[in-house]
Structures are given as C-alpha cells and as structure tokens.
Amino acid sequence: NEPFILLEPDTKKILVIRSDITPQIAKLASTKLNDIKRPLRLMYAGEVLRNMKNLYQSDRQFKQIGAELIGEDYNNGLIEIIELANNIISKLKIKNTIIDFSVPSLMRHLKKTIDFDKEEGKIIKEAIENKDASLITKKKYAYIKSIIECSGAIQDAETNFKNSLFPIKVRKILEKFFTSLKCLKKIKSKLSITVDISEGNSFLSYQNLGFKIYNQDDSNVIAIGGDYVLDNKELGVGITLIVNNISKAFQYKKRKKKF
C-alpha cells in the first residue's frame with residue numbers, strides 16, 4: 001500500500017500518512033532494537049490511511065492492532081503467531097473462522113519466469129486471477145493448471161501437489177510451504193485451514209507465506225499476516241487484526257439475534 005500524501009500549497013511541505021504499521025515496526029527492530037536479545041516480541045495499535053480499498057478491507061481509514069515476532073525459528077514463529085491469533089479470536093467469541101494460506105514467493109517467481117505483458121502471459125495471468133485452469137492449453141504450462149488446482153482444504157491441496165509435476169524451483173517453494181502447514185496442523189489440529197496457492201498475488205508484501213483469517217458468518221477478513229525479511233536480513237512473522245471488520249462481526253450477531 002502506497003502512503004497517503006498531502007501537499008501544503010503555500011510552503012510545499014509534504015505530509016506522509018502511514019498506510020501500514022508493520023514496516024515501521026520492522027524498521028525499528030532492525031535499527032534501534034537491533035541489539036535486543038532475540039526472539040523479539042512487539043505489539044502495536046494505531047490508525048492508518050490508504051489511497052485505495054482492497055479485497056479484504058472496505059474502508060480506507062481504520063485501526064490496526066498487531067503483533068510481530070522477530071528472530072524466531074521459521075516454523076516456531078508461525079505457530080506462535082497463529083496460536084496468538086487463535087486465542088484472541090476465541091476470547092472475542094468469534095467461533096466460525098477459517099485460515100486461508102497462500103504463497104507470495106511462488107507468484108514472485110512466476111512473474112520472473114513468465115512475461116505477463118505478452119499475449120501468452122496475459123492468458124496465464126487471467127487463468128491465475130480467475131482460477132480458471134481451462135484457459136491453460138499449452139503443455140509447457142501444465143504446471144500452472146496444477147497450481148490453480150492446489151486449492152481448498154489442506155489435505156486435498158497437499159494431495160494434488162504430491163500427484164502433480166512441477167519445475168524444480170516451483171516444487172521447492174511448495175514443499176517448504178506444505179511442510180510449514182504440516183507443522184502447524186500437527187500442533188493445532190483443530191484449526192480450520194484452507195489453501196489457495198494462486199491467491200498469492202495479494203500477499204506480495206510478505207516473503208514465503210501469507211494468510212487471512214475469515215469470519216465465515218459475515219465473510220469478512222478479521223486478520224491478515226505472514227512472514228517478511230527485515231533490512232538486517234532477519235526473518236519476522238506477524239499478524240494484524242482488522243478492527244473495523246471485527247466490529248462488524250458483533251454487529252452481525254446483533255442483527256442475527258433480532259431476526
């Protein structure tokens with residue numbers, strides 16, 4: 001998300017309003033807090049303002065509450081953040097939730113290997129964005145069809161992955177992804193997890209893995225998170241609670257009680 005920028009006409013001074021708090025936390029962790037013992041656990045709360053709405057956020061100004069874990073082992077960090085989110089959501093008594101995972105590193109790789117500006121690339125891009133595997137007709141792009149089909153419940157997605165052929169780099173990316181989810185599922189077996197590999201384009205600010213937590217009662221995203229690399233090359237993983245969408249969950253419950 002690009003920052004919201006205001007220009008004062010007389011002095012030409014520029015006011016930049018943050019669009020996301022996580023980059024500020026990451027910057028702080030890699031500079032002023034660089035000497036603090038790892039793993040480093042930080043939380044934040046504040047308002048943000050964005051230029052445009054997106055698929056999971058219908059408001060341009062809203063409050064973020066989040067937590068970041070920096071310098072922890074990759075899978076342990078993911079488990080801790082998901083466990084934290086799960087505890088918060090349970091205390092809020094939002095019961096009907098699902099976590100949807102995707103792979104931003106895969107989409108970045110595809111952008112490097114396929115020219116989406118060419119006619120052939122445009123078709124592939126359309127197939128990925130619309131999740132329409134039937135658009136893939138050339139044999140050399142058969143693996144794209146398999147990527148699109150790696151969606152749904154985690155067990156089904158993993159089975160499709162194991163039964164499909166992928167280029168070496170793509171297979172390595174997906175192996176790391178499914179290994180992380182297997183570790184998570186082993187510890188938190190009751191979590192409802194889905195996978196949407198082709199959704200990774202909306203997680204490009206994250207590194208290897210991104211996730212959204214949906215409230216299935218009203219279909220709103222109530223949290224979003226993933227891993228990222230700091231300026232000092234450390235790996236961080238975090239979660240941001242979407243406060244306005246969480247508020248809508250309670251409004252939905254009130255409406256439901258009336259009816």
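All values below were derived from every heavy atom in this structure, side-chain atoms included, with hydrogens, water molecules and symmetry-related copies excluded.
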*Asks:* Indicate, with yes or no, if the rings of Phe166 and Tyr143 have centres closer together than 6.0 Å.
*Replies:*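 Between Tyr143 and Phe166, which both carry aromatic rings, the centre distance is not below 6.0 Å.
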*Asks:* Can any side-chain N or O of Lys12 pair as donor or acceptor with the backbone N or O of Pro9 at less than 3.5 Å?
*Replies:*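 Checked: pair present.
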*Asks:* Is there a salt bridge (charged side-chain N to carboxylate O under 4.0 Å, His left out) between Lys125 and Glu120? Walk through the geometry before answering.
*Replies:* CA-CA 9 Å; Lys125 187 179 180 181; Glu120 193 175 63; over 6 Å; no
*Asks:* Can you check salt bridge (charged side-chain N to carboxylate O under 4.0 Å, His left out) on Glu83 and Lys188, steps first, answer last?
*Replies:* CA-CA 8 Å; Glu83 195 166 38; Lys188 307 294 292 182; 3.6 Å; yes
*Asks:* Restricting to non-hydrogen atoms, name the atom on Leu69 and the atom on Gly77 that form the minimum distance, rounded to 0.1 Å.
*Replies:*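 Taking Leu69 first and Gly77 second, the nearest heavy atoms are CD2-CA, 3.5 Å.
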*Asks:* What pair of heavy atoms forms the shortest contact from Ser19 to Gln64, and how long is it?
*Replies:*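 Closest pair (atom of Ser19, atom of Gln64, distance): O-NE2, 4.5 Å.
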*Asks:* Could you pull out the closest heavy-atom pair between Phe177 and Ile197, with the gap in Å?
*Replies:*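 Shortest heavy-atom contact: CE2-CD1, 3.6 Å.
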*Asks:* If you count the non-hydrogen atoms of other residues, nucleotides and ligands that lie under 6.0 Å from NZ in Lys169, is the total more than 12?
*Replies:*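 Not buried by this count: 12 neighbours or fewer within 6.0 Å.
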*Asks:* Hydrogens and angles aside, do Asp196 and Ser102 bring a side-chain donor and acceptor to less than 3.5 Å of each other?
*Replies:*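 Asp196 vs Ser102: no donor-acceptor pair found between side chains.
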*Asks:* Near Leu15 CG, under 6.0 Å, is it more than 12 heavy atoms from other residues, nucleotides or ligands?
*Replies:*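 Result for CG/Leu15: enclosed.
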*Asks:* Do Asn34 and Arg38 have side chains that approach each other closer than 4.5 Å (heavy atoms only, starting at C-beta)?
*Replies:*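 The answer is yes, as the side chains (C-beta and beyond) meet within the 4.5 Å cut-off.
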*Asks:* If we ignore hydrogens and angles and just use 3.5 Å, is the side chain of Asn86 paired with the main-chain N or O of Ile82 as donor and acceptor?
*Replies:*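 No.
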*Asks:* Between the side chain of Lys185 and the main-chain N/O of Leu191, is any donor-acceptor distance below 3.5 Å?
*Replies:*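 Side chain of Lys185 to backbone of Leu191: a pair is present.
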*Asks:* More than 12 heavy atoms of other residues, nucleotides or ligands under 6.0 Å from CG of Leu7: yes or no?
*Replies:*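 Atom CG in Leu7 is packed in, count exceeds 12.
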*Asks:* Decide whether a cation-pi geometry holds between Arg60 and Phe4; the criteria are a distance under 6.0 Å from NZ or CZ to the six-membered ring centre and an angle within 45° of the ring axis.
*Replies:*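 No, Arg60 does not lie over the aromatic ring of Phe4.
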*Asks:* Could you pull out the closest heavy-atom pair between Asp231 and Ser30, with the gap in Å?
*Replies:*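 Scanning both residues completely, I find the closest heavy atoms to be CB-OG, 4.0 Å.
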*Asks:* Taking the six-membered ring of Tyr74 as reference, does the NZ or CZ atom of Lys176 fall below 6.0 Å from its centre and within a 45° cone about the axis?
*Replies:*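 Relative to the ring axis of Tyr74, which defines the angle, Lys176 lies inside both limits.
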*Asks:* Side chains of Asn215 and Asn220: do they bring a donor and an acceptor to under 3.5 Å?
*Replies:*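 No - no donor-acceptor pair under 3.5 Å links their side chains.
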*Asks:* Taking atom types as modelled, is there a side-chain donor on Thr194 or Tyr214 under 3.5 Å from an acceptor on the other?
*Replies:*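 Side-chain D/A pair, Thr194 to Tyr214: absent.
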*Asks:* Stepwise, does the salt bridge (charged side-chain N to carboxylate O under 4.0 Å, His left out) test hold for Glu68 with Arg41?
*Replies:* CA-CA 6 Å; Glu68 308 297 330; Arg41 293 172 176 85; over 6 Å; no
*Asks:* Check Thr137 against Ser134 and note the closest heavy-atom contact, atom names and distance.
*Replies:*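 Heavy-atom minimum between the residues: CG2-O, 4.1 Å.
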*Asks:* Could you check Glu149 against Ser146 for side chain to side chain donor-acceptor pair (under 3.5 Å), going step by step and ending with a plain yes or no?
*Replies:* CA-CA 5 Å; Glu149 291 169 351; Ser146 299; 4.9 Å; no
*Asks:* Measure across Ala157 and Val195 and return the closest heavy-atom pair with its distance rounded to 0.1 Å.
*Replies:*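 Closest approach of Ala157 to Val195: CB-CB, 3.9 Å.
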*Asks:* Tyr44 vs Thr22, test: side chain to side chain donor-acceptor pair (under 3.5 Å). Steps then yes/no.
*Replies:* CA-CA 9 Å; Tyr44 59 84; Thr22 300; 3.2 Å; yes
*Asks:* Keeping the roles fixed (side chain from Asn245, backbone from Val221), state whether a donor-acceptor pair exists under 3.5 Å.
*Replies:*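 Yes; at least one donor-acceptor contact below 3.5 Å.
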